[in-house]
Asks: 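Structure below; questions to follow.
All values derive from a computational prediction rather than experimental measurement. For reference, positions follow the sequence shown, starting with 1.
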Amino acid sequence: MPDSPVYIGTAFVAGVCLAIACRDLIAPRHRDTESTADKSEPTARAGPPAIVEGIEGCIGNTPLFRIKSLSEETGCEILGKAEFLNGAGQSSKDRVALSMIEMAEEHGILAPHSGDTIYEGTSGSTGISLATLARAKGYLAHICMPSDQAIEKSNLLLKLGAIVDRVPPAPIVEKDNFVNKARALASAHTASGTGRGFFADQFENEANWRAHYHGTGPELYTQCNGHMDAFVAGAGTGGTISGVARYLKPLLPHITVVLADPQGSGLYNRVRYGVMFDPKEREGTRRRPQVDTIVEGIGINRVTANFEAGKELVDDAVRVTDAQALAMARWLVEKDGIFIGSSSAVNCFAAVKTAMKLGPGHRIVTVLSDSGSRHLSRFWATAGDVGGAVDTKLEDVLNARDEDFQ
């Protein structure tokens, strides 16, 4: 009979045998548990991330990958945090922009769809992130930026619906400095009574370093399983290096935190020698721009509140010339197909110098802040086309000179 105990038992045994057979067909076999696994066999992969709420849910948890060419050349493992894959403004500034907006909302400074406008003085990337998130969260954005920054940044801001003021470069002590102009416009907006003007103030707003303390730092620690020998990053506002250092140092007391600083910036001297510059050179005593570099987004001649938050945790600094940054950017395209912006090239150059100082066998982590696509008209215009069959040596990058790009 179909429902007899004998039939049911036979069917159960047959089902078990079929399941075992299917398992053996699908899963790789490892009969010898002591032998090395066949690297050609498929490995388990985590499923796609869960559905998130809005574009702001696409910020953070960026990949960390091995930069093959630099790792092979130095004998160290050099890892790049792919911050250009953040989902709003495609840079590390997505984290900062979201943190500043959310903190303002928590304190009742901003209210969605009320006519409130976000103002900021920025070299570009923070403004792009703010403009994107402002639209996503019910605000408008008004961005002030130096006129010597790549034109594609302001063009993108306009496409995102932001009002953009490109102002001549000026020291921070002058009212026409791009940061001061944004602050004044925010105050005037609030005084007008047509909604509030929120000055994001990325240089001094502690929401900046906290974004990296709560996000970037924990992500790096988890991705590296707590194994890092050095962390290398540049500083414009100082939020990234301070936030990550404040998170990692208590967990990894041995880790070396290294500032990557472009030519013309005073932070290298501040870290290495405890002083920024000679008093006659301090920002505000000259009318010309103080940071004379093609690199955008990092380098400054004052200590911001965000850099102050972690400056005692910074162990060393590497100064990178424009020529070295340009050569490194070209190298990464030629050898790895990695197309990055100017500040990321500075970070990678400093990571190589740190690897050479520590010696083979160490793990160095750095930040790839944004793509080269928003640096085409300035940095990459100077770097030039990489070309076809080329064979650059790392020594050429380390010894790059200005005349190489004239």
Side-chain angles (χ1 to χ4, degrees), residues 60-68 70-83 92 95-96 99 206 208-262 265 267-274 298 303-320 328 340 343-369:
N61 293 314
T62 54
L64 182 68
F65 67 94
R66 181 173 179 265
I67 303 176
K68 294 183 289 185
L70 300 183
S71 299
E72 291 163 3
E73 287 285 339
T74 61
C76 289
E77 188 175 31
I78 297 181
L79 306 177
K81 181 73 162 158
E83 288 293 275
S92 58
R95 300 177 187 267
V96 176
S99 179
E206 70 173 21
N208 184 338
W209 71 260
R210 290 187 182 278
H212 297 289
Y213 178 84
H214 293 294
T216 316
E219 289 172 26
L220 289 174
Y221 185 83
T222 300
Q223 289 169 316
C224 290
N225 293 317
H227 172 212
M228 277 179 279
D229 297 298
F231 174 70
V232 179
T237 65
T240 301
I241 197 166
S242 289
V244 172
R246 284 180 69 131
Y247 183 84
L248 292 179
K249 277 282 191 176
L251 298 171
L252 304 169
H254 68 280
I255 194 170
T256 301
V257 176
V258 180
L259 171 74
D261 211 33
S265 173
L267 295 182
Y268 171 86
N269 286 334
R270 174 62 184 80
V271 171
R272 293 294 296 270
Y273 309 115
I298 59 173
V303 175
T304 66
N306 279 286
F307 189 76
E308 182 77 31
K311 76 176 190 296
E312 300 308 322
L313 302 176
V314 180
D315 303 294
D316 201 0
V318 175
R319 174 166 283 162
V320 183
M328 176 56 71
I340 54 172
S343 64
S344 301
V346 170
N347 288 346
C348 287
F349 188 94
V352 168
K353 295 292 284 186
T354 301
M356 295 171 68
K357 185 173 182 177
L358 294 179
H362 292 87
R363 174 180 280 176
I364 294 94
V365 177
T366 193
V367 179
L368 307 182
S369 304

Asks: Asp315 side chain to Val257 main-chain N or O, any donor-acceptor pair under 3.5 Å?
Replies: yes
Asks: What is the distance from atom OG1 of Thr256 to atom NE2 of His362, rounded to the nearest 0.5 Å?
Replies: 8.0 Å
Asks: Between the side chain of Asn208 and the main-chain N/O of Val96, is any donor-acceptor distance below 3.5 Å?
Replies: no
Asks: Whether the side chain of Asp229 engages the backbone of Ile364 through a donor-acceptor N/O pair (distance < 3.5 Å, no angle test) should be reported.
Replies: no
Asks: Any non-hydrogen side-chain atom of Asp316 less than 4.5 Å from a side-chain atom of Lys357?
Replies: yes
Asks: Between Arg272 and Leu259, is any pair of side-chain heavy atoms under 4.5 Å apart?
Replies: no
Asks: Which atom names give the shortest non-hydrogen contact between His212 and Pro218, and what distance separates them?
Replies: O-CD, 4.0 Å
Asks: Find the distance between OG (Ser71) and CZ (Arg66) and round it off to the nearest 0.5 Å.
Replies: 4.5 Å
Asks: Where is the tightest heavy-atom contact between Ala350 and Val318, given as atom of each residue plus distance?
Replies: CB-CB, 3.9 Å
Asks: Can you see which heavy atom on Thr304 is nearest to which on Gly236, and at what distance?
Replies: CG2-O, 4.2 Å
Asks: Please tell me if the side chains of Phe65 and Ile67 come closer than 4.5 Å, counting only heavy atoms from C-beta onward.
Replies: yes
Asks: Would a distance-only check, ignoring hydrogens and angles, find a side-chain to backbone donor-acceptor pair under 3.5 Å from Ser343 to Ile298?
Replies: no
Asks: Could you tell me whether a side-chain N or O of Ser242 sits under 3.5 Å from a main-chain N or O of Gly238, the two making a donor and an acceptor?
Replies: yes
Asks: Using a strict threshold of under 4.0 Å (side-chain N to carboxylate O), is an ion pair present between Glu308 and Arg246?
Replies: no
Asks: How long is the span from the CD atom in Glu219 to the CZ atom in Arg95, to the nearest 0.5 Å?
Replies: 4.0 Å
Asks: Within this structure, what is the OG1-CG distance for the pair Thr222 and Asn61, rounded to the nearest 0.5 Å?
Replies: 9.0 Å
Asks: Treating Asn306 as the side-chain partner and Thr237 as the backbone partner, does any N or O pair qualify as donor plus acceptor under 3.5 Å?
Replies: no
Asks: Might you point out which heavy atoms bring Pro250 and Ala245 nearest each other, and give the distance in Å?
Replies: CD-O, 4.2 Å
Asks: From Lys81 NZ over to Cys224 SG, what is the distance, rounded to the nearest 0.5 angstrom?
Replies: 9.0 Å
Asks: Do Phe307 and Trp209 make a side-chain contact, defined as non-hydrogen atoms from C-beta onward lying under 4.5 Å apart?
Replies: no
Asks: Between His254 and Met228, is there a donor-acceptor pair closer than 3.5 Å when you use the side chain of the first and the backbone of the second?
Replies: yes
Asks: Would you find a donor on one side and an acceptor on the other, under 3.5 Å apart, between the side chain of Arg210 and the backbone of Ser99?
Replies: no
Asks: Grab the two heavy atoms, one from Ala260 and one from Val232, that are nearest each other, plus how far apart they are.
Replies: CB-CG1, 4.2 Å
Asks: Closest heavy-atom contact between Ile241 and Gly234?
Replies: CB-O, 4.3 Å
Asks: Supply the atom-to-atom distance Leu368 CG to Asn347 CG, rounded to the nearest 0.5 angstrom.
Replies: 7.5 Å
Asks: State whether the side chain of Glu206 and the backbone N or O of Ala305 hold a donor-acceptor pair below 3.5 Å, judged by distance alone.
Replies: no
Asks: Please check this pair: side chain of Thr74 against backbone of Leu70, looking for a donor-acceptor N/O pair closer than 3.5 Å.
Replies: yes
Asks: State, yes or no, whether a side-chain contact exists between Leu252 and Tyr221 at a heavy-atom distance under 4.5 Å.
Replies: yes
Asks: With a cut-off of 6.0 Å (strictly less than), are more than 12 heavy atoms of other residues, nucleotides or ligands near NZ of Lys311?
Replies: yes
